[in-house]
S.K.: 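Mind looking over this structure? Questions follow.
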There are 2 protein chains.
Amino acid sequence: MEPNQHLHIHVEQDSGAHSHTSADALPWADAARETIRRAGHSKGAARDALIEIMSQRDCAMSVPDMEQALGERPVGRASVYRALELLHGLHLITRVDIGDGVARYERAQLDDDDHHHHMVCDRCGVLIAFDDPELEAAIHKLSDRLGFEATEHEVTLRGACPDCRN
Amino acid sequence: MEPNQHLHIHVEQDSGAHSHTSADALPWADAARETIRRAGHSKGAARDALIEIMSQRDCAMSVPDMEQALGERPVGRASVYRALELLHGLHLITRVDIGDGVARYERAQLDDDDHHHHMVCDRCGVLIAFDDPELEAAIHKLSDRLGFEATEHEVTLRGACPDCRN
DNA sequence: AACGAGAATGAGACTCAATCTCATTTGTGT
DNA sequence: ACACAAATGAGATTGAGTCTCATTCTCGTT
Ligand SMILES: [Zn+2]
Ligand SMILES: [Zn+2]
Ligand SMILES: [Zn+2]
Ligand SMILES: [Zn+2]
């Protein structure tokens with residue numbers, strides 16, 4: 001039931017869905033460090049290591065995941081959470097909450113290309129990413145109508161994935 | 001910063017938003033008990049008390065909230081969580097995750113009239129409910145296209161509410 | 001290059017939602 | 001009333017996330 005597998009599905013405007021992989025990993029790390037510097041922060045080994053780790057994953061990573069990924073390099077819990085708070089405050093990462101009580105984070109996209117949301121399978125726990133221009137349009141229109149200045153939005157679908165349907 | 005206030009905003013198809021209150025509280029409690037009975041479960045005082053409590057709230061309630069609302073009637077933690085698991089499994093309640101590490105639940109609507117999603121203000125923590133037919137349409141179309149049988153979906157907007165905008 | 005104020009870090013204590021265990025109570029059909 | 005199964009609850013336990021504070025590191029200044 002652990003959501004440890006990751007597929008990435010891109011939904012075409014009209015037809016079905018197909019896999020894709022984004023590739024702005026390295027630019028993101030640089031942009032993140034630059035934004036942090038410009039925000040007036042000093043360098044820090046822990047935060048830098050975390051940025052390195054996060055730049056290598058396109059989707060939903062929990063803090064336990066990060067601590068494991070850091071492996072050799074010892075980074076204290078507090079530093080991880082502090083770095084995440086900073087990155088999130090600067091909109092460099094997005095928080096993803098799939099409802100298992102564990103917060104996950106993923107790189108925020110530099111150029112809207114990589115913006116996506118998630119489906120979670122109730123049975124096998126697989127986490128599937130998708131993106132849909134129509135959905136985004138509906139959300140933006142809605143946000144305007146509400147007079148709520150939404151800096152972030154999250155959409156999660158829950159149900160049975162194609163594999164578990166049988 | 002505690003999300004303890006609740007507004008409920010209904011978004012019209014075209015114009016702005018106005019308050020509304022739903023009123024299928026009592027029918028819901030009856031329907032819930034009936035569904036549980038038909039699913040082959042025995043009666044239980046704890047679960048019954050919880051259904052009573054939940055039938056009186058239209059929106060997002062945390063377990064600590066429930067325990068407080070139960071007040072006099074002593075219901076064990078384990079029973080509360082077990083009841084929630086059962087109710088959720090039978091789609092009688094919906095899980096709402098606003099990202100503060102505390103799961104919330106609310107009655108599932110008998111008749112789609114009360115279906116809604118949430119906005120959370122980053123600053124004051126207020127939780128605002130809204131519903132939007134266009135958004136729902138986009139989600140249903142999307143779900144079909146993905147071949148993902150979504151039994152549940154969650155949309156959360158984060159940002160500054162009208163009051164905090166200033 | 002040495003200095004010092006302020007920022008970043010990390011070990012570990014702590015909080016608290018959520019889970020697990022198991023003995024006890026309650027519901028239901030006979 | 002009886003017996004078996006389901007439901008309940010006290011309490012222990014897990015684990016994510018927070019907090020504190022002493023130490024280390026950055027970086028501008030001398
Ligand atoms: Zn993702
Ligand atoms: Zn989106
Ligand atoms: Zn609600
Ligand atoms: Zn909806």
Side-chain angles (χ1 to χ4, degrees), chain A residues 1-4 32-53 60-90 93 95-105 125, chain B residues 1-4 32-53 60-90 93 95-105 125:
Chain A
M1 207 327 256
E2 282 297 299
N4 39 17
R33 295 196 181 96
E34 177 62 14
T35 301
I36 287 169
R37 192 188 60 72
R38 258 183 281 166
H41 293 271
S42 305
K43 277 200 312 185
R47 190 197 294 148
D48 238 51
L50 189 74
I51 289 175
E52 198 57 37
I53 292 298
M61 196 174 197
S62 70
V63 169
D65 286 344
M66 296 171 202
E67 289 183 321
Q68 193 189 345
L70 285 165
E72 0 72 67
R73 259 184 294 193
V75 174
R77 274 176 228 77
S79 298
V80 172
Y81 283 104
R82 268 187 298 243
L84 290 174
E85 188 184 354
L86 178 63
L87 289 164
H88 189 246
L90 294 172
I93 56 175
R95 184 183 169 130
V96 178
D97 223 316
I98 65 173
D100 64 347
V102 185
R104 286 155 212 273
Y105 297 87
Chain B
M1 213 320 261
E2 282 296 298
N4 39 16
R33 295 196 181 94
E34 176 62 13
T35 302
I36 287 169
R37 193 188 60 73
R38 259 183 280 165
H41 294 271
S42 304
K43 277 198 312 185
R47 190 196 296 147
D48 237 51
L50 189 74
I51 290 175
E52 199 56 36
I53 291 298
M61 196 174 198
S62 71
V63 169
D65 286 344
M66 296 172 200
E67 290 183 321
Q68 194 189 345
L70 286 165
E72 358 74 68
R73 259 183 295 192
V75 174
R77 275 176 229 79
S79 298
V80 172
Y81 283 103
R82 268 188 297 243
L84 289 174
E85 187 184 354
L86 178 64
L87 288 164
H88 189 247
L90 293 171
I93 56 176
R95 184 182 169 132
V96 178
D97 224 314
I98 65 173
D100 64 348
V102 184
R104 285 155 213 272
Y105 297 87

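All values below come from the heavy atoms of this structure, side chains included, with hydrogens, waters and symmetry mates left out. Convention: sequence-line order gives letters A, B, ...; per-chain numbering from 1.
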S.K.: Quick one, give me the B/S/- string for nucleotides 24-30 of chain D, reading 5' to 3', where B means a protein heavy atom under 4.0 Å from the base and S means that only happens at the primed atoms, P, OP1 or OP2.
M.R.: --SS---
S.K.: Nucleotide range of DNA chain C contacted by chain B, 5' to 3', under 4.0 Å to a heavy atom?
M.R.: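 Nucleotide range with atoms under 4.0 Å of chain B: C:dA17 to C:dT28.
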S.K.: Heavy-atom distance under 4.5 Å between the side chains of A:Glu85 and A:Leu87, does that happen here?
M.R.: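 When only atoms from C-beta onward are counted, A:Leu87 and A:Glu85 do not touch, as no gap falls below 4.5 Å.
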S.K.: Kindly write out the residues that satisfy side chain to side chain contact (heavy atoms under 4.5 Å, CB included) with A:Gln68, not counting sequence neighbours, or none if the list is empty.
M.R.: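 A:Gln68: no side chain to side chain contact (heavy atoms under 4.5 Å, CB included) contacts found.
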S.K.: Please give me every residue in residues 69-81 of chain B whose heavy atoms get under 4.0 Å of an atom in DNA chain C, ordered by residue number.
M.R.: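 Those residues are B:Ala78, B:Tyr81.
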S.K.: Rounded to whole Å, how long is the line connecting atom CZ of B:Arg37 with atom P of D:dA6?
M.R.: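 That distance rounds to 17 Å.
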S.K.: Using salt bridge (charged side-chain N to carboxylate O under 4.0 Å, His left out) as the criterion, list what pairs up with B:Glu72, not counting sequence neighbours.
M.R.: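 Partners of B:Glu72 under the salt bridge (charged side-chain N to carboxylate O under 4.0 Å, His left out) test: none.
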S.K.: If we only count heavy atoms from C-beta on, is the A:Ile98 to A:Arg104 side-chain gap below 4.5 Å?
M.R.: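 Result yes, sub-4.5 Å side-chain heavy-atom pair found.
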S.K.: To the nearest angstrom, how far is A:Glu67 atom CD from D:dA16 atom C1'?
M.R.: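 In whole Å, D:dA16 C1' lies 10 Å from A:Glu67 CD.
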S.K.: Check the distance between D:dT8's C1' and B:Ile36's CD1 and give it to me in whole angstrom.
M.R.: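 Rounding to the nearest Å, CD1 of B:Ile36 and C1' of D:dT8 are 15 Å apart.
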S.K.: Can you tell whether the side chains of B:Arg37 and B:Glu34 come within less than 4.0 Å, N to carboxylate O?
M.R.: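 Result for this pair is yes, salt bridge flagged.
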S.K.: Under 4.0 Å between a Lys/Arg side-chain N and an Asp/Glu carboxylate O for A:Asp48 and A:Arg33?
M.R.: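 Yes, charged N to carboxylate O under 4.0 Å.
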S.K.: For A:His88, check side-chain hydrogen bond (donor to acceptor under 3.5 Å, both in side chains) against everything at least two apart and list the hits.
M.R.: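 Once residues adjacent in sequence are excluded, the partners of A:His88 under the side-chain hydrogen bond (donor to acceptor under 3.5 Å, both in side chains) criterion are A:Glu152.
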S.K.: Regarding A:Arg47, tell me which of base, sugar-phosphate or nothing describes its non-hydrogen contacts under 4.0 Å with the strands shown.
M.R.: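 Answer is sugar-phosphate: A:Arg47 comes under 4.0 Å of backbone atoms only.
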S.K.: Just verifying a value: how many Å separate A:Tyr81 OH and A:Leu50 CG, rounded to the nearest 0.5 Å?
M.R.: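 So the OH of A:Tyr81 and the CG of A:Leu50 are separated by 11.0 Å.
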S.K.: Does any part of the side chain of A:Arg77, heavy atoms only, come nearer than 4.5 Å to the side chain of A:Glu67, both counted from C-beta?
M.R.: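 Touching, per the 4.5 Å side-chain cut-off.
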S.K.: Which pair of heavy atoms, one from B:Arg47 and one from B:Ala83, lies closest together, and at what distance?
M.R.: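 Smallest interatomic distance, heavy atoms only, reads CG-CB, 3.9 Å.
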